[in-house]
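Worksheet for the structure shown next.
Letters A, B, ... mirror the listed sequences (proteins, then strands); counts begin at 1. Predicted model, so just to flag it, every value in this text is computed and none were measured.
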There are 4 protein chains.
Amino acid sequence: MRAPKTRLIFDAAIDTFSERGFEKATMDEIAAKANVAKGTIYYHFKSKEDLFVFLVEEGSQLLRERVLEKLPEEATAAERLRLVIREQLAFFKEYRDFCTIILREAWGEEERQRQFRRMLVHYVREIEALVADGVANGEFLVEDAQTAAWSIFGGLSIAALHHLFADPEFDLTVLSPGCETLFIGGLQSGRP
Amino acid sequence: MRAPKTRLIFDAAIDTFSERGFEKATMDEIAAKANVAKGTIYYHFKSKEDLFVFLVEEGSQLLRERVLEKLPEEATAAERLRLVIREQLAFFKEYRDFCTIILREAWGEEERQRQFRRMLVHYVREIEALVADGVANGEFLVEDAQTAAWSIFGGLSIAALHHLFADPEFDLTVLSPGCETLFIGGLQSGRP
Amino acid sequence: MRAPKTRLIFDAAIDTFSERGFEKATMDEIAAKANVAKGTIYYHFKSKEDLFVFLVEEGSQLLRERVLEKLPEEATAAERLRLVIREQLAFFKEYRDFCTIILREAWGEEERQRQFRRMLVHYVREIEALVADGVANGEFLVEDAQTAAWSIFGGLSIAALHHLFADPEFDLTVLSPGCETLFIGGLQSGRP
Amino acid sequence: MRAPKTRLIFDAAIDTFSERGFEKATMDEIAAKANVAKGTIYYHFKSKEDLFVFLVEEGSQLLRERVLEKLPEEATAAERLRLVIREQLAFFKEYRDFCTIILREAWGEEERQRQFRRMLVHYVREIEALVADGVANGEFLVEDAQTAAWSIFGGLSIAALHHLFADPEFDLTVLSPGCETLFIGGLQSGRP
DNA sequence: GATGAATGAGCTTTCATTCAT
DNA sequence: CATGAATGAAAGCTCATTCAT
C-alpha cells in the first residue's frame with residue numbers, strides 16, 4: 001500500500017467498482033483512471049477478484065476502526081448506539097463509494113461475496129453485542145439482538161444509499177437525528 | 001405472459017438472475033433451465049435487459065399488491081405498519097429470489113437500475129405516506145418520514161437477506177414480531 | 001464431424017498446429033484459415049486444448065487403421081513388419097502435418113501431452129506385439145521387444161521428419177526399402 | 001559462462017525449458033530458479049531466444065564431445081557404432097533435460113529451431129560418415145547412409161524419451177545392448 | 001412460433017522486454 | 001553488475017445477439 005502505484009490503483013478501483021459494479025468494471029477502466037498500464041495492476045494484484053477483495057478488506061477494517069473503536073466504554077448502550085449511527089453515516093458520507101459497494105456486492109455465492117459477508121458479519125456482530133448489552137442492563141427490550149443489529153445496519157445503509165442515488169451531493173450526516181430517534185425510541189418515540 | 005413458454009422463461013430467469021446476478025446470468029443458462037432454445041427467449045423478449053425489466057416489473061407489482069393493497073383503511077398507522085412488516089417478510093419468504101434481486105440489482109446508473117429504483121421508490125413512498133399519516137394523527141413522532149420509510153424497508157430487507165444467505169431454509173416470518181417491536185417501539189420499547 | 005464448419009476448423013487446426021506448434025498457434029489464425037469467426041470454434045470445441053486433443057485422437061485412430069488393420073494374419077513377422085514400415089511412411093507422406101505434430105507435442109507433463117502419449121503407447125504396443133511374435137516363432141532375436149518397437153517407431157519418425165524439414169516435397173515412401181533393411185536385417189544385413 | 005550468475009541462469013534455463021518447453025517456460029520461472037532478478041538474465045542474454053540458443057549450442061557441443069571425440073580411429077565401424085550408441089545413451093542419462101529439449105524443440109520454422117536442426121545435422125552427419133565408412137569397407141550394407149544415421153539417432157532418442165517419461169528414474173544405459181543388436185544386426189540378428 | 005449455429009466485440013490475464021536506479 | 005517495477009501487445013475465452021430455416 002506504500003508503493004505509490006498501488007495507491008493510485010486502489011483509488012481507481014474503488015471508484016470504478018462503485019460506479020459499475022464488480023462485473024461491469026473493467027481492468028482497462030481501472031488502469032486508465034489510475035494512469036498506469038494494465039499490466040501494472042497485475043503486477044500488484046493477482047487478479048480482478050484479488051484487487052476487489054483487498055479493497056473490501058481495507059474498507060471493512062476502516063469502517064470498524066471509524067465506527068467501533070471510539071466507543072466510550074462508560075457510556076450507556078443507547079448513547080453508544082447513537083454514536084454508532086452517527087459514525088456510520090459519517091463514514092458513508094466520506095466513503096460513499098465504499099458504501100455503494102457494500103450493498104451491491106455482498107450478496108451472492110461467489111467466493112469474494114462470501115468473504116465480503118464474513119466481514120460484514122464481523123462488523124454487525126459488534127452492533128449486536130452492543131444491543132445485547134443494552135438488553136442485559138435493562139436499557140433495551142428486544143428478543144432477537146441479531147435481527148435488530150442487521151435491521152439497524154441495513155436500515156442505515158439502504159436509507160443512505162437511497163439518498164446518495166437521489167442526490168450524489170446529499171449530506172448523509174443530517175440523517176443521524178432521525179435514525180437515532182427511529183432505532184432507539186421507535187416510531188412511537190416519546191409516546192406514553 | 002399467457003404463452004406457456006413465456007412462463008417457463010420467466011421462472012428460469014428469476015431463478016438465474018437471483019442465483020448469479022444480472023451480469024453473470026447467461027441467456028444460455030436461462031434457456032437451459034426453461035427448456036427452450038436460446039432463440040426462443042429472443043422471440044419473447046427483446047433483450048436480456050428487457051427480460052430483466054419485465055421480471056422486475058412483475059415482481060414489484062406483486063410486492064405492492066401483496067403488501068399494500070390489503071391494508072385496512074380504518075386501522076391505526078401502527079397497526080397498518082405492523083401489517084406491512086408482516087406482509088413484506090411473508091412476501092420475501094415466498095419470493096426469496098426476488099428479494100435477493102432487489103437488493104443486488106437496484107443500485108447503479110444503468111437504465112435498468114434506474115427503472116428498478118423508480119419502482120422501489122413507488123413502493124417505499126406508500127410506507128412513507130403511512131408513516132406521515134401516523135405523524136399527522138399524533139401516533140408517531142418522526143421528523144423525516146421518508147428516511148424512516150427507507151430505513152424500515154431497508155432494515156427489513158437486509159435482515160431478511162442476511163438470514164437467507166446464512167440459511168436458505170430460514171423462515172423469515174419469525175422475524176416479524178422483533179421487527180415490529182423495533183420499528184414501532186424502538187429498542188427502548190416499553191421503557192418509560 | 002459432419003457439420004461442415006467442424007470440418008473446416010479441423011483442417012485449419014491441423015495446418016496451424018503443425019506449422020506453429022500448440023503454444024504458438026492462435027485461435028485467431030485457425031479461425032482465419034477456416035474462414036469462420038473465432039466464436040464458432042468455441043461453439044464446436046470447448047477450448048484450444050479440446051480441439052487439439054480431438055484432432056490428435058482422430059489422427060491416431062487413422063494411423064492405427066492405416067498401418068495396423070491391413071496386416072495379413074498369415075504372413076511372417078518380418079513380412080508384417082516390412083508392411084508396417086511401408087505403411088507408416090505412406091501415412092506420414094499423406095499426413096505430413098500430423099507427423100510433425102506427433103513428434104513435437106507428445107513430450108511433456110501437460111494433460112494433453114499425457115493423453116497423446118497414451119495413444120502413441122497404444123500404437124507402439126502393437127508393433128511390440130508383432131516383434132514379440134517374431135521372437136516367439138524364432139524369426140527375430142531381441143531381448144527387449146518394447147525398446148525395439150520404440151526404436152523402430154522413433155527411427156522411422158525422426159528420419160521422416162528430418163527429410164520433411166529438409167525438403168517439404170520429399171517423397172517419404174522412397175525411404176521404405178532402406179528402413180526395412182536396417183530394422184529387419186541390421187546394418188550388417190546380409191553379412192554372414 | 002565464467003560469471004557465476006551465468007552458470008546459475010544456464011542451469012535454471014535447462015531445467016525450465018525441459019520441464020515446460022520453450023513457449024511455456026517463463027523468464028520469471030527461470031529467474032526464480034536461478035535466484036537472480038529477472039533483469040539479470042537480460043544483462044547476460046539478449047533475449048529468451050538468445051538464452052535458448054546459447055544453451056542448445058552448449059548442449060550440442062557437449063553431445064559431440066562426449067559421443068564422437070573418443071571414438072578409436074582404429075576400431076571397426078561396427079565397434080565404433082556400438083560405442084556411439086552406448087555413449088549417446090549415457091549422455092541422455094546424464095543430461096536427460098537436454099534429451100527432452102532436443103526432441104521437443106527442433107522441429108519448426110522459427111529461427112531458433114532452424115539453428116537447432118543445423119546442429120543436429122552436424123552431429124548426425126558424423127554418424128552418417130561412420131556408417132558410410134562401414135559400407136565402404138564392406139562391413140555394412142545400406143543404400144542410404146543418411147537415412148540410416150537419422151533412423152539410428154531418432155530411434156535411440158525416442159526410445160530413451162519414452163522410457164524417461166514412463167519412469168523418470170529409468171537407467172537409460174541398460175538399453176545399450178538391445179539397441180546395439182537392433183541397429184547393427186537387425187531384428188534377425190544372428191539368423192542365417 | 002421456435003430453433004440453434006454462427007458471430008465478433010470485449011473481457012481477463014500473461015509475459016518478454018525495458019530502464020531508472 | 002544487478003535489480004525489479006512497469007509496460008502493453010497479444011492471447012484464450014465468453015456471451016448477448018442475429019438470422020436462415
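Helical stems involving DNA chain E, defined as 3 or more consecutive Watson-Crick or G-U pairs under 3.5 Å, span E:2-21 with F:2-21.
Ring geometry for C/Phe54 versus C/Phe45: interplanar angle of 30 to 60°, hence tilted.
Counting to the nearest Å, the P atom of F/dG12 and the CZ atom of C/Phe52 are 14 Å from each other. In this structure, B/Asp50 atom CG and F/dA16 atom P are separated by 14 Å, rounded to whole Å. We find that CD1 of B/Ile41 is positioned 17 Å from P of E/dG1, with the value rounded to whole Å. The distance from atom CZ of D/Arg7 to atom C1' of F/dA2 is 20 Å, rounded to the nearest whole Å. Distance CD1 (D/Ile9) to C1' (F/dC1): 11 Å, rounded to an integer number of Å. Atom CZ in B/Phe45 sits roughly 15 Å away from atom P in F/dA16 (whole-Å rounding). Atom CD1 of B/Ile30 and atom C1' of F/dC15 are 12 Å apart (whole Å).
Note that the CD1 atom of A/Ile30 and the CZ atom of A/Phe17 stand 4.0 Å from one another [nearest 0.5 Å]. D/Lys33 NZ to D/Ile14 CD1: the interatomic distance, rounded to the nearest 0.5 Å, is 11.5 Å. Between the OG1 atom in D/Thr16 and the CG atom in D/Asp11 there is a gap of 10.0 Å [rounded to 0.5 Å].
The stretch residues 40-49 of chain C participates, sequence neighbours left out, in no salt bridge (charged side-chain N to carboxylate O under 4.0 Å, His left out) pair at all.
Under the salt bridge (charged side-chain N to carboxylate O under 4.0 Å, His left out) criterion, D/Arg112 pairs with D/Glu23, D/Glu105, D/Glu110, not counting sequence neighbours. Remark: D/Arg117 pairs with no residue by the side chain to side chain donor-acceptor pair (under 3.5 Å) rule, at least two apart or across chains. By the salt bridge (charged side-chain N to carboxylate O under 4.0 Å, His left out) test, C/Arg114 pairs with C/Glu109, C/Glu111, sequence neighbours left out.
With E/dA6, E/dT3, E/dA2 as the choices, the nucleotide that has an atom nearest any side-chain atom of B/His44 turns out to be E/dA2.
Within the 4.5 Å cutoff, side-chain heavy atoms of D/Asp97 are placed close to those of D/Asp15.
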5' to 3', nucleotides 14-21 of chain E under a 4.0 Å protein heavy-atom cut-off (B base, S sugar-phosphate only, - none) gives BSBBB---
